[in-house]
Amino acid sequence: MAEEHELLFSAASIWEIAIKRGLGRSDFRVDPALLRRGLLENGYDELPINGRHALGVNRLPDLHRDPFDRMLVAQAVEEGVLLLTSDAQVARYPGPIRRV
């Protein structure tokens with residue numbers, strides 16, 4: 001029997017893309033509204049940001065300065081979900097994080 005996994009994406013990721021695309025960053029060309037719709041249409045659930053997540057950022061070691069990445073880590077820790085990342089700095093945090 002195949003194991004089922006819940007697929008999540010963070011509102012923080014959509015927020016980051018919207019901000020950086022608005023600044024004209026060439027590495028953030030995707031339309032955040034289209035990305036969000038595509039994720040939802042493909043079975044992903046959106047993980048909103050809440051106060052517990054915001055407080056969790058404060059408990060993280062000072063390994064990385066990017067506020068969006070820190071929020072993703074805090075959400076993973078607070079929710080007990082595995083964060084998959086290609087970012088070596090993010091993968092240094094303790095908790096449910098795996099570099100892919």
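For the single chain, residues carry numbers from 1 onward in sequence order.
Between E16 and F28 there is a side-chain heavy-atom pair separated by less than 4.5 Å. Two residues are said to be in side-chain contact when any heavy atoms from C-beta on lie closer than 4.5 Å; L72 and V90 fail this criterion. Using a 4.5 Å cut-off on side-chain heavy atoms (C-beta onward), V81 and P96 make no contact. You'll find the side chain of N50 reaches within 4.5 Å of the side chain of E79, heavy atoms only.
Under the 4.5 Å side-chain heavy-atom criterion for Ile, Leu, Val, Met, Phe, Trp and Tyr, L40 and L7 are members of the same hydrophobic cluster. With hydrophobic clusters built from ILVMFWY side chains whose heavy atoms lie under 4.5 angstrom apart, V57 does not share a cluster with L63.
Note that CG of D45 is 8.5 Å distant from CZ of F9, once rounded to the nearest 0.5 Å. Atom CG of residue L39 and atom CD of residue E46 lie 9.0 Å apart, to the nearest 0.5 angstrom. Distance check: I49 CD1 to S10 OG gives 5.0 Å after rounding to the nearest 0.5 Å. The structure places CG of L35 at 11.0 Å from CZ of R21, a figure rounded to the nearest 0.5 Å. With rounding to the nearest 0.5 Å, the separation of CZ in F68 from CD1 in I14 is 11.5 Å. In this structure, the separation between CG on L60 and CE on M71 is 9.5 Å, given to the nearest 0.5 Å.
Closest approach of Q75 to A12, counting heavy atoms only: OE1-CB, 4.4 Å. H64 approaches R70 most closely through the heavy-atom pair O-CD, 3.0 Å. Across I97 and P94, no two heavy atoms sit closer than the pair CD1-O, 4.1 Å. Nearest heavy-atom pair, G56 versus A74, reported as atom, atom and distance to 0.1 Å: C-CB, 3.8 Å.
Under the 4.5 angstrom side-chain criterion for Ile, Leu, Val, Met, Phe, Trp and Tyr, L47 has no cluster partners at all.
Checked for salt-bridge contact, E78 and R59 meet the test: a charged N lies under 4.0 Å from a carboxylate O.
Screening residues 91-100 for salt bridge (Lys or Arg N to Asp or Glu O under 4.0 Å) gives no qualifying pairs among residues at least two apart or on separate chains.
For D62, the salt bridge (Lys or Arg N to Asp or Glu O under 4.0 Å) criterion is met by R65, not counting sequence neighbours.
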- Stepwise, does the side-chain contact (heavy atoms from CB on, under 4.5 Å) test hold for R37 with L34? CA-CA 5 Å; R37 184 172 64 217; L34 290 176; 2.9 Å; yes
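Under a cut-off of 6.0 angstrom, the local environment of CG in N58 is sparse, with at most 12 non-hydrogen atoms contributed by other residues, nucleotides or ligands.
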